[in-house]
**Q** 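Below is one structure. I have some questions about it.
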Amino acid sequence: MTTQALIIIDVQNAIDDPKWGRRGQPEAEARIAELLSAWRERRLPVVHIRHDSTDPVSPYRPGTDGNDFKQEVAPQIGEPVVDKRTNSAFIGTDLMDVLDELQVRSLVVTGVLLENSVDATVRMAAGLGFEVIIPEDAVASIDREDYRGKRWAAEDVHALALSVLEGEYARITTSADIIGNLP
């Protein structure tokens, strides 16, 4: 079995800022924490992605409480942290070097927001030849308005984003299924 790295994207205090509006998947952080615990128990590789926004009013900007990792998924000493400034964790970062050093070609990708940074990272990872697995209950989406002005509930955004990624870019499953299949 190929060693899988757990990738945790942008799970920082900023995601709770009211600017994002209503969020679905309130259990996502708890599922990520369960995956993280399973990875740590088995001494499998974990990589934390931190968004360092360059927008001066972003809740993700460095030097603010929003930039801090949420406590339930905060990195431990020895776990790599990759800082990014764009939506994809591969652009302008050392993520590829970290993954090469860990010698992994399979990624379990979790985090926020599914339809933004998770999507961009997953697509790029698949294009780079990684096997990508997304636990649908360990990623979260927000309500969105499309270009025609129609409002879409976070649950619908979530389902559509997962269905677009399924097959070509990733395999969609649950955190329980992933944990159940760990060595």
Side-chain angles (χ1 to χ4, degrees), residues 1-12 15 25 27-52 60 67-141 158 161-183:
M1 178 178 185
T2 303
T3 300
Q4 296 175 325
L6 178 64
I7 309 296
I8 304 172
I9 300 176
D10 300 352
V11 184
Q12 297 158 251
I15 196 57
Q25 306 74 46
E27 76 292 343
E29 284 90 343
R31 298 298 82 76
I32 296 168
E34 289 169 2
L35 287 161
L36 182 56
S37 177
W39 251 254
R40 286 173 174 162
E41 286 172 14
R42 291 163 179 84
R43 300 180 193 271
L44 295 170
V46 176
V47 180
H48 300 266
I49 309 298
R50 176 176 39 222
H51 187 69
D52 288 338
Y60 275 103
N67 191 257
D68 294 339
F69 288 105
K70 292 188 112 182
Q71 196 59 42
E72 59 265 46
V73 298
Q76 289 183 348
I77 293 172
E79 293 175 347
V81 174
V82 173
D83 297 323
K84 69 177 183 66
R85 291 193 169 92
T86 66
N87 54 2
S88 174
F90 286 97
I91 295 175
T93 73
D94 64 347
L95 179 57
M96 195 65 197
D97 293 335
V98 169
L99 296 174
D100 284 346
E101 186 176 316
L102 294 170
Q103 299 180 334
V104 295
R105 297 305 299 166
S106 179
L107 309 176
V108 173
V109 180
T110 67
V112 297
L113 290 168
L114 170 61
E115 67 276 17
N116 190 320
S117 293
V118 173
D119 179 282
T121 301
V122 164
R123 288 172 185 260
M124 201 156 204
L128 291 167
F130 288 93
E131 172 195 36
V132 181
I133 301 162
I134 303 172
E136 57 87 17
D137 54 349
V139 289
S141 300
H158 193 76
L162 288 169
S163 69
V164 169
L165 293 171
E166 170 69 41
E168 186 172 357
Y169 300 102
R171 181 170 60 85
I172 311 302
T173 187
T174 65
S175 55
D177 182 58
I178 291 168
I179 292 169
N181 287 306
L182 286 174

**Q** What pairs of residues pass the ring pair (Phe, Tyr, Trp, His ring centres under 6.0 Å) test when at least one of them lies in residues 72-120, not counting sequence neighbours?
**A** none
**Q** Going through the checks in order, is the side-chain contact (heavy atoms from CB on, under 4.5 Å) test met by Ser141 and Leu113?
**A** CA-CA 5 Å; Ser141 300; Leu113 290 168; 5.5 Å; no
**Q** In sequence, state the C-alpha distance, the side-chain angles, and the governing distance for Glu41 and Leu36, and then conclude on side-chain contact (heavy atoms from CB on, under 4.5 Å).
**A** CA-CA 9 Å; Glu41 286 172 14; Leu36 182 56; over 6 Å; no
**Q** Phe130: what forms a ring pair (Phe, Tyr, Trp, His ring centres under 6.0 Å) with it, not counting sequence neighbours?
**A** none
**Q** Within this structure, what is the CD-CD1 distance for the pair Glu79 and Ile8, rounded to the nearest 0.5 Å?
**A** 7.5 Å
**Q** Please confirm whether the backbone N or O of Asn67 pairs with a side-chain atom of Gln12, one donor and one acceptor, at under 3.5 Å?
**A**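 Side chain of Gln12 to backbone of Asn67: a pair is present.
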**Q** How would you list, by chain and number, every residue that makes a side chain to side chain donor-acceptor pair (under 3.5 Å) with Arg50, sequence neighbours excluded?
**A** Asp83
**Q** Apply the test side-chain contact (heavy atoms from CB on, under 4.5 Å) to residues Val122 and Leu114: give CA-CA distance (whole Å), side-chain angles for both, the deciding distance (0.1 Å), then the verdict.
**A** CA-CA 10 Å; Val122 164; Leu114 170 61; over 6 Å; no
**Q** Over all heavy atoms of both residues, which pair between Gln4 and Trp39 is shortest? Give the atoms and the distance, please.
**A** O-NE1, 3.0 Å
**Q** How long is the straight-line distance from CE of Met96 back to CD1 of Ile91, given to the nearest 0.5 Å?
**A**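 CE of Met96 is found 14.0 Å from CD1 of Ile91.
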**Q** What's the spacing between Asp10 CG and Thr110 OG1 if we round to 0.5 Å?
**A** 10.0 Å
**Q** Would you compute the distance between atom CD1 of Ile7 and atom CD1 of Ile133 and round it to the nearest 0.5 angstrom?
**A**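 The CD1 atom of Ile133 is 11.5 Å from CD1 of Ile7, to the nearest 0.5 Å.
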**Q** Only counting residues at least two apart or in another chain, list the ones meeting side chain to side chain donor-acceptor pair (under 3.5 Å) with Tyr169.
**A** Arg123
**Q** Just jot down the side chain to side chain contact (heavy atoms under 4.5 Å, CB included) partners of Ala38, sequence neighbours excluded, or say none.
**A**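 Side chain to side chain contact (heavy atoms under 4.5 Å, CB included) list for Ala38, sorted by chain: Arg42, Ile179, Leu182.
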**Q** How far apart are the closest heavy atoms of Ile178 and Pro135, and which atoms are they?
**A** CD1-CB, 3.7 Å
**Q** Could you walk me through whether Gln25 and Glu136 pass the side-chain contact (heavy atoms from CB on, under 4.5 Å) check?
**A** CA-CA 9 Å; Gln25 306 74 46; Glu136 57 87 17; over 6 Å; no
**Q** Looking at residues at least two apart in the chain, or sitting in another chain, which of them share a side chain to side chain donor-acceptor pair (under 3.5 Å) with Asp137?
**A** Ser175
**Q** Could you check Lys84 against Thr121 for side chain to side chain donor-acceptor pair (under 3.5 Å), going step by step and ending with a plain yes or no?
**A** CA-CA 11 Å; Lys84 69 177 183 66; Thr121 301; over 6 Å; no
**Q** To the nearest 0.5 Å, what is the distance between CG on Leu44 and OG1 on Thr3?
**A**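 Atom-to-atom, Leu44:CG and Thr3:OG1 are 6.5 Å apart.
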**Q** I'd like to check Val132 versus Leu165 (side-chain heavy atoms, cut-off strictly below 4.5 Å). Are they in contact?
**A**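 Answer no - side chains too far apart.
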**Q** Using side chain to side chain donor-acceptor pair (under 3.5 Å) as the criterion, list what pairs up with Asp94, not counting sequence neighbours.
**A** none
**Q** Quick one: salt bridge (charged side-chain N to carboxylate O under 4.0 Å, His left out) pairs with a partner in residues 168-182, sequence neighbours left out?
**A**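 Passing the test, one end in residues 168-182: no pairs.
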**Q** Could you pull out all donor-acceptor pairs under 3.5 Å where a side-chain atom in residues 70-78 meets a protein atom, sequence neighbours excluded?
**A**
| residue | atom | partner | partner atom | Å |
| --- | --- | --- | --- | --- |
| Lys70 | NZ | Asp16 | OD1 | 3.1 |
| Lys70 | NZ | Asp16 | OD2 | 2.9 |
| Lys70 | NZ | Glu29 | OE2 | 2.9 |

**Q** With rounding to the nearest 0.5 Å, note down the distance linking CG in Asp100 to CG in Leu95.
**A**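 Interatomic distance, Asp100 CG to Leu95 CG, rounded to 0.5 Å: 9.5 Å.
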**Q** If the condition is salt bridge (charged side-chain N to carboxylate O under 4.0 Å, His left out), which residues does Arg85 pass it with, not counting sequence neighbours?
**A**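 With neighbours one apart ignored, the set is empty.
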**Q** Which residues pass the salt bridge (charged side-chain N to carboxylate O under 4.0 Å, His left out) test with Asp97, not counting sequence neighbours?
**A**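 With neighbours one apart ignored, the set is empty.
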**Q** Where is the tightest heavy-atom contact between Val118 and Val112, given as atom of each residue plus distance?
**A** CG2-N, 3.8 Å
**Q** Please answer whether the main-chain N or O of Ile172 pairs with a side-chain N or O of Glu166 as donor and acceptor at a distance below 3.5 Å.
**A**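 Yes; at least one donor-acceptor contact below 3.5 Å.
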**Q** Side chains of Leu99 and Leu107: closer than 4.5 Å at any heavy-atom pair?
**A** yes
**Q** Could I get the full list of ring pair (Phe, Tyr, Trp, His ring centres under 6.0 Å) partners for His51, not counting sequence neighbours?
**A** Tyr60
